[in-house]
Structures are given as C-alpha cells and as structure tokens.
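Report on the structure given below.
Start at 1 with the first residue, then count along the sequence.
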Amino acid sequence: MTFLRSYLLQPFQQVMFLTENCYGNNCGWAAYAYISGWLSLYKKDNYIKPGVVLHEIGHNLGLAHSGGTDRRTYSDHTGLMGNPLWGDDKGKMCFNAAKNFQLAVGNNAWYNDGPGKIITWDSGEEGGTVLDTKMVGIAEFDKITDNNPVVIKLETGGSLDYFVGFNRATGATSQNRLASDLVTIYEMGNNGLSYSNSFLNAYLAEGESHTISKWRGTKQDLTITVLEINTNTGDAPGYAHVKIVFGDEPTSVPTNLPTAEPTTGPPTTPQPTANPVVSTPPPTANPVEGPFCGDGICDGQESPDDCDADCIIVDFKASNGKSNAKTNGLMFSLDAKEAVTLRSLDVEGKKDGESQVTVYALQGDYEGNEFNEGAWERVFDHSVSLQQNVATNIGLFDKEVAIAAGERVSLFVFSKNGLRMSTNTGSLRKAHEDNSLVMYDGLAFKKEFNKVEQNGQWSSSVKYYASSKNKNVEEMRISSMEEEETASVEVEEKRRSSRSRGDDEVVTAVKHHHHTK
C-alpha cells in the first residue's frame, strides 16, 4: 500500500477509487472521502454523478456538511455539502458562503483574492454601525469590476460566526436547488476557518429582512435587509444590495467597506510529494473510515434524523414529574455520563397563551455566571403557545447543545409569561438521573439574569439523543420519532411567515462523512 500511495500521488492531488459494489451490513452509502486527505471512493456508478464527486472532493478540501433551517445534517440545498444534486447531468452548484469563506481564508487557502472581496465585518459592541454594499454571486466572481464582496463574515466575537452570500443562479451555479437569486445567511463554528458543519439560517428576497436579536450578547439587534436584487445587468454581474445594521442606524452612514480579509497560503493546493503526510491514514485492503451509521455509536456527525440506528431520542424527566410553584425562569445543570446532545424540551405554562420562550446554554456550571448574560449562548428564542399546567414541546432548538462524557452544561429557560416548576430543599441536589444524564436542582428567576426568587427543580422533559448501544437508554426511547417531528413541525409552522419557499428534500440514509442516498 505504501508503494501504491507513492506511485499514485506523484502526479496527482486527489485520487478517486471506484468499486463495483459494497458487500456487508453497512452499505447505505454512495461514496466517501477522507477529510483534508487525498482519497475518495465511489460505489457502483456514483462516480459519474458530478454532484456526488464535488461533495466528496469538498471533504478532501476540509469541508464538513451543510444543514438547513431544520438543523439536519444534509438539508442545506443551497450548496454542494448539503447533498442536493443526484444525477449524471447535475453538478452546476457551488459551496455555500460559509464554505467559500473557509476555502478562501482558512489555513489552507484555496484560491486567490480577485477583484471581488471576501470580507470580515466587525460591528463592535456599542451599536450604531452599518455595512451598506452590493454583493455578487460566486459564479460571477470573474466579472466583478467594483470591488464587490462575494462573502461577508459577520464577526460575533466567539467561534460561531455568521456568513452572508448572494446565491446567484447562473453559470457554474445555475442548478441551485434552493434560494436561487436570493441572499443567504449561514452560521458556522471554528470562526469559519476549519472543519465545522454549517447551517442555513435564512434566505431573503428583495425587501425582506432577517434579525438576530441581542447581537454579541448586547441588548441590541443586528438586522440584515435586502434593498434590491438586480439580475438584468447585461454583461455586468447581477447583484444584491444589502444593508446590515447593528443597533440604531446613525444619521450619516459610512460607505467604505472594511479591509478585505487577507488570503493566506499558496493560491492552489500544494502538489503532494512522493510520500505525503495526510491527516487520516490511507485505506487498507478493507478500508474503514472511523465511525459509521450502524455501529451503535452516535458520533458527532450523526443525529436521529440521518441515523436512527445509532442515535436514539430520550425523553428525560425529573423524578417527581409534578409542578407546585410558578416562576418566570429556571437555571439548572446537567452532567453527562456519556456523550449526548440536547435538542428540545417541554415547558409547562403558568397560563394559557403565547409566550416568548428563550433557552440559554453554558458549558460548565452556572455558578458565578447567574447574572452574566454575556457568558451564555442563546440556543432558542421563539414565541410558543403554552398551556396552563400542561407540558408543551417548544420545538427543536435553533442550535443543538452537545455535552461530552464527563462534562457539565447549564441551561437557563425563561418564559416571558411564566412557567411552572417544582420546589426543593437546595440547589445542586440531584433531581433525576438515567444512564446518560444527571439533572440537578437549580435557581428560579423573576427576571432574565436578575433577581433570584428561590431554589427550583425543572419538572418537565428535556429531550436528548445518545448512542443506541446503551441498552437501558434504548428502553426509554420515545415511542415514536414521528410524533416528536410532527410536534416540531407544528411549532415551526407557527413561526413561519405567510410566504414560504420550501424545497423538496433528498431523503438520505447516511454513513459518517459519506454522501448517501
């Protein structure tokens, strides 16, 4: 194999292996590739499908998957890492704005900085800052003559940042499946510089806006507004006129763009040497790419949505299951005995009616951060129809909360119109535990991060997913995943505006890092 590696890689940067079929129990994949490596492998005739090949080469270039507004692994159909194209004549699509930022600015910068800019905009934390510019799609990068940005990174001050692009449907991106000729907004971790799943937050037509509340932990909002979209521009590139405002817009707006993000590294991927060093071992005669769907382990790239054989949903509820007190918010901690991912919870209303429900998460214990909102990350913030004394599922978190084995995460759940809880004798007393999680009593708040009322215990469910290899957890599996998904869809329906632009999803059954169908 060492000789084969040396022989194959002398003239090539990537090598594609073709196999007539897969034989065994774990064959629910079409192709796979090594992350930041040189090898990709294709089962049967999938090597003739450009969308599949480009997806796998994306993995070779260090790209992770792209999820949609529903937070599923593959459901972003605005870009190739979301598994949208399937056919031997379909491949005219690019990567989304977050992935293009990674390719251009990440540690292994992949293409030159041209006339168009990939920029980072830092709004600051005081408010009153504005970015007003005309964006051009990546497919018309070579037509730019006016220094237009093709990607705008919105710096949050943390590792999770937002990215804005214009999803122009022309040329190399003429087969877009979703949000064609619209402005798209994504979020991605690792500062957008290295391997991390991205998620589509919103897509906007002319005249529409998207607001991110409490930007950078402040009390001010950041709003992205599309003032104009013009695709009838002749030989000039089409553009989207975008205005991004943090806080109150000043009377006079500066027009200068921020300094372009410098491109680091060589303009093209370096040619491998005769004996290259790759980030993952080369395949053996019987290659295995680490965890895969069907091994009973719910790893970091799997969820119940794409591998319910490994990831089971558990309904985790405090032992007493009864509420006897009212409050507006409850802060409590959870310890993980094994790696789990929190995805939703139930809230028992203090009274009937709509209430703004916000869920904050903090890695570690909340002690010392009870009144420090800036230390917490908001993972859910929506209006929910609650019922008095009835536990209501609020729908899926906007961002799932992963807890590593042996680690602690704290949650702060606040309902503007109140919620019900149980009272207890003291904080950090175990309220409930199963084979995966330990829940502790917490603190009840009258106002967000202000004025602790008393100790309290979360009396409704917290929903998480974990590995199916745990037999005792298996017994607590929610009886029907469809019931939970239906409830989440019903909640999501209430959040949507009257205008909807949904796109058919490609049904997938995935293997870790594998493009599947």
Test side-chain hydrogen bond (donor to acceptor under 3.5 Å, both in side chains) on E155 and T120 and set out the steps.
-> CA-CA 7 Å; E155 178 59 56; T120 296; 5.8 Å; no

Examine distances only and state if a side-chain atom of [X] and a backbone atom of [Y] form a donor-acceptor pair shorter than 3.5 Å.
X    : Y    : value
E377 : L362 : no
N176 : L178 : no
T173 : R168 : yes
N96  : K99  : yes
N328 : K447 : no
D315 : K463 : no
T156 : G158 : yes
N369 : N372 : no

Going through the checks in order, is the side-chain contact (heavy atoms from CB on, under 4.5 Å) test met by L443 and E370?
-> CA-CA 9 Å; L443 302 174; E370 296 93 328; 3.9 Å; yes

Would T423 and Q454 count as a side-chain contact (heavy atoms from CB on, under 4.5 Å) if you check the C-alpha gap in whole Å, the side-chain angles of each, and the deciding distance to 0.1 Å?
-> CA-CA 8 Å; T423 56; Q454 60 179 317; 3.7 Å; yes

Identify the residue among V413, D441, N455, T327 that makes a side-chain contact (heavy atoms from CB on, under 4.5 Å) with M421.
->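 The option that passes is T327.
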
side-chain contact (heavy atoms from CB on, under 4.5 Å) partner of Y203, chosen from T184, T78, N167, V183 =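 The residue from T184, T78, N167, V183 that satisfies side-chain contact (heavy atoms from CB on, under 4.5 Å) with Y203 turns out to be T184.
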
Any chance the side chains of [X] and [Y] put a donor and an acceptor closer than 3.5 Å?
X    : Y    : value
D365 : S410 : no
D381 : Y360 : no
N324 : S422 : no
E400 : Y465 : yes
Q457 : Y440 : no
S383 : E354 : yes
S415 : S355 : yes
N201 : E187 : yes
S198 : S66  : yes

Do you know the tightest heavy-atom contact between [X] and [Y]?
X    : Y    : answer
L342 : F397 : O-CD1, 3.8 Å
S460 : A391 : OG-CB, 4.2 Å
L386 : G418 : CD1-O, 4.2 Å
H432 : K317 : CD2-O, 2.5 Å
Y74  : H55  : CE2-CE1, 3.9 Å
V409 : A402 : CG2-O, 4.2 Å

What's the spacing between [X] [atom1] and [Y] [atom2] if we round to 0.5 Å?
X    : Y    : atom1 : atom2 : answer
K153 : M188 : NZ    : CE    : 9.5 Å
L419 : F414 : CG    : CZ    : 8.5 Å
I403 : T341 : CD1   : OG1   : 8.0 Å
I119 : I152 : CD1   : CD1   : 4.5 Å
H210 : I185 : NE2   : CD1   : 5.0 Å
L345 : T392 : CG    : OG1   : 11.5 Å

Decide yes or no on side-chain contact (heavy atoms from CB on, under 4.5 Å) for I244 and L222, but give the supporting numbers first.
-> CA-CA 7 Å; I244 304 172; L222 181 138; 3.9 Å; yes

More than 12 heavy atoms from other groups under 6.0 Å of NZ on K337 =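 Yes, NZ of K337 has more than 12 neighbouring heavy atoms, counting only those of other groups under 6.0 Å.
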
Identify which one of W215, F246, Y186, F101 satisfies the ring pair (Phe, Tyr, Trp, His ring centres under 6.0 Å) criterion when paired with Y162.
->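 Result for ring pair (Phe, Tyr, Trp, His ring centres under 6.0 Å) with Y162: W215.
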
Identified ring pair (Phe, Tyr, Trp, His ring centres under 6.0 Å) counterpart of F412 within the set F371, F449, F332 |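 For F412, the ring pair (Phe, Tyr, Trp, His ring centres under 6.0 Å) check succeeds only for F449.
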
Partner of R216 under salt bridge (Lys or Arg N to Asp or Glu O under 4.0 Å), chosen from D122, D221, D161 |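 By the salt bridge (Lys or Arg N to Asp or Glu O under 4.0 Å) criterion, R216 pairs with just one of D122, D221, D161: D122.
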
Residue of the set K416, K214, R378 for which salt bridge (Lys or Arg N to Asp or Glu O under 4.0 Å) holds with E448 |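 Testing each of K416, K214, R378 against E448, the sole residue satisfying salt bridge (Lys or Arg N to Asp or Glu O under 4.0 Å) is K214.
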
Derivation and outcome, side-chain hydrogen bond (donor to acceptor under 3.5 Å, both in side chains), residues S344 and N393 | CA-CA 7 Å; S344 183; N393 184 254; 2.9 Å; yes

D398 vs H382, side-chain hydrogen bond (donor to acceptor under 3.5 Å, both in side chains): CA-CA, chis, key distance, verdict | CA-CA 9 Å; D398 297 325; H382 296 283; 2.9 Å; yes

With a 4.5 Å heavy-atom cut-off, do [X] and [Y] have their side chains touching?
X    : Y    : value
E348 : V390 : no
L204 : S209 : no
M135 : Y239 : no

Working for side-chain contact (heavy atoms from CB on, under 4.5 Å), residues F95 and M81 | CA-CA 7 Å; F95 304 111; M81 299 314 291; 3.7 Å; yes

Walk me through it: do D132 and H241 pass the test side-chain hydrogen bond (donor to acceptor under 3.5 Å, both in side chains)?
-> CA-CA 8 Å; D132 189 334; H241 186 180; 2.5 Å; yes

